[in-house]
Colleague: 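My questions all concern the structure below.
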Amino acid sequence: MIEKLAEQLVNLTVKQVNELATLLKKKYGIEPSTSVKMENTSLQKEKTSKKEEKSIFNIILKSSGNSKLSVVKLVKEITGKGLKESKNIVDNIPSVLKESINKKEAEDLKNKFEEIGAEVELE
């Protein structure tokens, strides 16, 4: 019986927890401590942030590493810009290489840059 009650309590929504707290306070004079309220709020924020996982990214070049020429070539290939423009992008770090791309493409590009020793960040 206690295990079933515990399971039911764990699966309550925020609204249900608030209703339970109000009922316990009015009917029985039991008031939840502030730490419990804060803990519930932080757990809900954590759950919400997990659900709202980012799907659109910008790729930012943070460092060209040891192989600057390889990075310039890859920047040229990815951006479609000329060699001089690509070199300027690599010389002016941090630089946004691509904006508003999906997660898979962003991860693929990040891996390509990391393979040649460059450091990139996904935002």
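Everything quoted here is computed from the prediction, not taken from an experiment.
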Colleague: Would you sort out whether I116 and K73 count as a side chain to side chain contact (heavy atoms under 4.5 Å, CB included), showing the intermediate values?
Modeller: CA-CA 11 Å; I116 57 174; K73 287 179 181 178; over 6 Å; no

Colleague: Quick check for you: to the nearest 0.5 Å, what is the distance between L97 atom CG and F113 atom CZ?
Modeller: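 It comes to 4.5 Å.
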
Colleague: Can you name the one residue among N18, T13, L20 that meets side-chain contact (heavy atoms from CB on, under 4.5 Å) with Q16?
Modeller: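 The option that passes is T13.
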
Colleague: Got a second to check how far E123's CD is from E99's CD, nearest 0.5 Å?
Modeller: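 Here the interatomic distance stands at 10.5 Å.
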
Colleague: Which heavy atom of V96 sits nearest a heavy atom of I60, and at what distance?
Modeller: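 That would be CG2-CG1, 4.1 Å.
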
Colleague: Hey, what do you get for NZ (K98) to CG (L61), rounding to the nearest 0.5 Å?
Modeller: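 Taking NZ in K98 and CG in L61, the distance rounds to 14.5 Å.
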
Colleague: Might you confirm whether atom CG of N111 has over 12 heavy atoms from other residues, nucleotides or ligands at distances under 6.0 Å?
Modeller: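 It does: N111 CG has more than 12 such atoms within range.
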
Colleague: Looking at every heavy atom in both V90 and S64, which two are closest together, and how far apart are they?
Modeller: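 Minimum heavy-atom contact is CG1-CB, 3.8 Å.
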
Colleague: Could you go step by step and tell me if K104 and D108 meet the salt bridge (charged side-chain N to carboxylate O under 4.0 Å, His left out) rule?
Modeller: CA-CA 6 Å; K104 185 182 182 334; D108 290 344; 3.3 Å; yes

Colleague: Identify the heavy atoms of V120 and K110 that sit nearest to each other, and give their distance.
Modeller: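 Of all heavy-atom pairs spanning V120 and K110, the closest is CG2-CG, 3.4 Å.
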
Colleague: Does L23 have any side chain to side chain contact (heavy atoms under 4.5 Å, CB included) partners at least two apart in sequence or in another chain, and if so, which?
Modeller: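 Expected list: K27.
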
Colleague: Between E115 (side chain) and K112 (backbone), is there a donor-acceptor pair under 3.5 Å?
Modeller: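 Checked: no pair found.
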
Colleague: Using a 3.5 Å distance criterion without hydrogens, assess whether the side chain of N58 forms a donor-acceptor pair with backbone atoms of S100.
Modeller: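 Yes, N58 side chain to S100 backbone: donor-acceptor pair under 3.5 Å.
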
Colleague: Apply side chain to side chain contact (heavy atoms under 4.5 Å, CB included) to residues I101 and L109 and explain how you reach the verdict.
Modeller: CA-CA 10 Å; I101 60 173; L109 291 175; 3.9 Å; yes

Colleague: Rounded to the nearest 0.5 Å, how far does NZ of K68 lie from NZ of K87?
Modeller: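 Reported value, rounded in 0.5 Å steps: 4.5 Å.
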
Colleague: For residues L69 and I93: do they belong to one hydrophobic cluster (side chain heavy atoms under 4.5 Å, members Ile, Leu, Val, Met, Phe, Trp, Tyr)?
Modeller: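 L69 and I93: separate clusters.
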
Colleague: What residue among I78, V71, V72 forms side-chain contact (heavy atoms from CB on, under 4.5 Å) with V75?
Modeller: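 Result for side-chain contact (heavy atoms from CB on, under 4.5 Å) with V75: V71.
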
Colleague: Between the main-chain N or O of K81 and the side-chain N or O of T79, is there a donor-acceptor pair closer than 3.5 Å?
Modeller: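 Such a contact is found between T79 side chain and K81 backbone.
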
Colleague: Where do F57 and L122 come nearest, in terms of heavy atoms and distance?
Modeller: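 The pair with the smallest heavy-atom distance is CD2-CB, 3.9 Å.
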
Colleague: Taking S63 for its side chain and A118 for its backbone only, find out whether a donor-acceptor pair lies under 3.5 Å.
Modeller: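 Checking the backbone N and O of A118 against the side chain of S63, no donor-acceptor pair under 3.5 Å is found.
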
Colleague: Which distance, rounded to the nearest 0.5 Å, do you find between the CD of E7 and the CG of L12?
Modeller: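 If we round to the nearest 0.5 Å, E7:CD and L12:CG are 11.0 Å apart.
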
